[in-house]
Protein chains: 2
Amino acid sequence: MTNPVTLEDLRAAQKRIAGTAVRTPLLPSLHGDADRPLWLKPESLQPIGAFKIRGAYNAIAALTDAERSRGVVAHSSGNHAQAVAYAARLFGAKAVIVMPDTTPQVKIDATHALGAEVVIVTPERRDTAAGELAEEHGYAFVPPYDDARIIAGQGTAGLEITEDLPTVDTVLVPVSGGGLISGIAAAVKLTSPHTKVIGVEPELAADAAESFRTGVRTTWSTTQTYRTIADGLRTTSVGVLPFAHIQAYVDDIVTVTEDQIREAMRFLGLRARLVAEPAGAVATAAYLFREDVLPAGREHVAVVSGGNVDPALYAEVMA
Amino acid sequence: MTNPVTLEDLRAAQKRIAGTAVRTPLLPSLHGDADRPLWLKPESLQPIGAFKIRGAYNAIAALTDAERSRGVVAHSSGNHAQAVAYAARLFGAKAVIVMPDTTPQVKIDATHALGAEVVIVTPERRDTAAGELAEEHGYAFVPPYDDARIIAGQGTAGLEITEDLPTVDTVLVPVSGGGLISGIAAAVKLTSPHTKVIGVEPELAADAAESFRTGVRTTWSTTQTYRTIADGLRTTSVGVLPFAHIQAYVDDIVTVTEDQIREAMRFLGLRARLVAEPAGAVATAAYLFREDVLPAGREHVAVVSGGNVDPALYAEVMA
């Protein structure tokens with residue numbers, strides 16, 4: 001594969017993000033099965049509420065001073081926007097975030113509040129507008145997942161998992177564009193080859209599971225992927241570089257239902273005191289409800305990838 | 001004062017609890033005031049959902065093998081029960097928990113699930129029953145807060161705060177029986193004398209604030225203290241040894257209203273992705289709403305002491 005992430009890349013990312021990303025603890029759960037103990041990796045506790053800060057900070061830190069001084073640009077309607085804005089601000093760099101005009105005002109405001117300039121475009125213009133701004137102003141483009149620096153940054157969570165629990169048998173990770181699972185799978189396999197890495201997707205947005213099964217990177221329509229409440233996992237296909245990592249390092253990709261996602265959100269709130277967004281709860285849902293399709297193994301880690309949830313949805317799920 | 005907790009006691013406790021209590025991270029908040037940055041110390045992420053595991057484990061670890069082999073006894077209707085049950089199980093020791101017959105079934109079940117024997121008594125018999133069981137069976141009594149081993153255990157959270165943020169100006173801590181604030185105040189003042197330690201109570205259960213102001217340890221009635229939604233802070237007076245620590249080490253005790261507690265629970269859920277019980281939210285409430293009575297200072301830490309909240313109440317607060 002082209003430019004796979006190496007252990008050296010991962011360790012360099014780990015040094016760069018130290019003191020910026022929270023080194024989240026592995027939380028032992030009292031509510032797992034006795035013969036399948038469960039730990040949670042709460043990336044929802046990062047300053048912006050999701051793991052995305054790891055990759056964004058690593059990518060921006062890897063730029064030259066000259067590049068950073070011209071500013072960075074990204075496109076996102078979600079957690080990547082805030083991650084890039086936050087990381088750029090830490091470097092005193094200008095950040096321009098392209099957002100589709102369908103983005104909820106609350107997310108636009110949050111990105112503004114982190115000091116970024118927000119450019120609103122039609123959804124069709126989302127990808128091209130960022131590239132044009134980069135071209136025109138010399139901004140460095142910070143991609144959401146299809147990038148080795150991003151993958152290495154997200155993978156630092158995997159290094160922390162095997163450092164804290166070297167005996168872990170199974171690591172469960174949400175899959176959207178594939179940056180998180182690519183990084184974690186590379187980190188886990190390069191430091192603990194016996195450990196299984198399992199991706200988890202909603203049944204209603206299972207493009208990565210299909211791609212994994214068929215060996216062909218597949219795209220689902222937004223009509224399909226927008227059916228799930230897991231708004232963080234509605235990406236219609238994994239990236240090219242992520243798919244290569246998934247094929248090299250991931251053992252399986254399993255799916256969970258909408259009800260299982262809601263149940264897992266309740267479990268995380270009431271049993272682990274963690275507010276998880278739907279996307280952040282899918283790995284826990286797989287632990288709770290999909291033992292039938294998981295590899296045999298004792299010690300399980302479920303990655304809780306984010307906690308930025310709509311208050312009304314959260315109150316409804318918890319009620 | 002009799003047997004004040006020393007830095008040596010605190011460090012010994014820190015060694016004992018390593019690997020059992022989670023070393024919770026200090027979480028930087030993006031939503032504090034720019035000139036008063038806020039960090040959260042999420043003790044709600046401990047395995048039993050509250051800081052109590054620190055003190056209970058330290059107290060049981062400090063027993064001799066012979067004492068532990070006879071078993072331990074405690075009385076509690078809340079987090080201390082689960083902390084003692086959990087810690088005893090880790091040592092393979094028998095735990096007997098005396099609970100008043102007013103205890104919700106869910107808390108009885110949770111204590112049972114941790115392997116403890118539960119003895120239900122009338123509320124009047126709560127204190128005496130545990131002593132009688134200790135006498136009759138040779139069990140070691142594990143007090144909830146009026147004990148140097150418990151205070152030293154809870155204080156390990158304070159050591160972690162000054163280790164992680166040596167420049168912290170103000171640490172805000174909930175006050176109930178006083179074990180947590182005693183330990184944290186001793187740890188903070190003995191490692192970072194410039195740092196202010198501020199206790200926080202509900203206005204409706206402000207016995208410690210009154211005691212602090214008058215210099216006399218005061219008892220409020222349960223009719224008074226049971227008015228607050230903060231069920232973890234309804235203790236009617238601080239303990240004797242805690243009061244001595246409070247007088248020696250605490251700079252002030254301030255109060256918050258019921259509405260401020262609810263607002264702080266929402267802030268913690270939506271802005272920090274932490275499920276906090278009402279008692280766990282009072283320190284954050286003081287940061288958010290009581291700047292008028294807090295000492296001038298830049299870097300603030302609010303201790304989120306626990307997250308064991310009734311699901312219906314939580315859904316209502318978040319709605």
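Letters A, B, ... mirror the listed sequences (proteins, then strands); counts begin at 1. In what follows, every heavy atom counts, from backbone to side chain, and hydrogens, waters and symmetry copies are set aside. Because the structure is a prediction, the values reported are computed rather than measured.
A donor atom on one side chain and an acceptor atom on the other are not found under 3.5 Å apart for A/Ser192 and A/Thr162.
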I'd like a table of donor-acceptor pairs (distance under 3.5 Å, sequence neighbours excluded) in which one partner is a side-chain atom from residues 103-110 of chain A, with atom names and distances.
{"from": "A/Thr103", "atom 1": "OG1", "to": "A/Pro100", "atom 2": "O", "distance (Å)": "2.6"}
{"from": "A/Gln105", "atom 1": "NE2", "to": "A/Asp109", "atom 2": "OD1", "distance (Å)": "2.9"}

Below 3.5 Å, can you tabulate the donor-acceptor pairs from side chains in residues 48-55 of chain A to any protein atom, sequence neighbours excluded?
{"from": "A/Arg54", "atom 1": "NE", "to": "A/Glu43", "atom 2": "OE1", "distance (Å)": "2.7"}
{"from": "A/Arg54", "atom 1": "NH1", "to": "A/Thr156", "atom 2": "OG1", "distance (Å)": "2.9"}
{"from": "A/Arg54", "atom 1": "NH1", "to": "A/Glu160", "atom 2": "OE2", "distance (Å)": "2.9"}
{"from": "A/Arg54", "atom 1": "NH2", "to": "A/Glu43", "atom 2": "OE1", "distance (Å)": "3.4"}
{"from": "A/Arg54", "atom 1": "NH2", "to": "A/Glu43", "atom 2": "OE2", "distance (Å)": "2.7"}
{"from": "A/Arg54", "atom 1": "NH2", "to": "A/Glu160", "atom 2": "OE1", "distance (Å)": "3.0"}

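The minimum heavy-atom distance linking A/Pro174 with A/Val282 is given by the pair CB-CG2, 3.6 Å.
By number of non-hydrogen pairs under 4.5 angstrom with chain B, the leading residue of A/Pro42, A/Ala276, A/Pro47 is A/Pro47. Ranked by non-hydrogen atom pairs under 4.5 Å with chain A, the options B/Leu27, B/Leu40, B/Leu26 are led by B/Leu27.
Of residues 266-274 of chain A, those residues lying under 4.5 Å from chain B by any heavy-atom pair are A/Gly269, A/Leu270, A/Ala272, A/Arg273, A/Leu274.
Remark: A/Glu299 engages no residue in a salt bridge (charged side-chain N to carboxylate O under 4.0 Å, His left out) (not counting sequence neighbours).
Taking the six-membered ring for Trp and the full ring otherwise, A/Phe91 and A/Tyr57 have centroids separated by under 6.0 Å.
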Apply the test side chain to side chain contact (heavy atoms under 4.5 Å, CB included) to residues B/Ile97 and B/His75: give CA-CA distance (whole Å), side-chain angles for both, the deciding distance (0.1 Å), then the verdict. CA-CA 5 Å; B/Ile97 312 291; B/His75 61 81; over 6 Å; no
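B/Gln46 touches chain A through its backbone: at least one of N, CA, C or O sits under 4.5 Å from a heavy atom, while the side chain does not.
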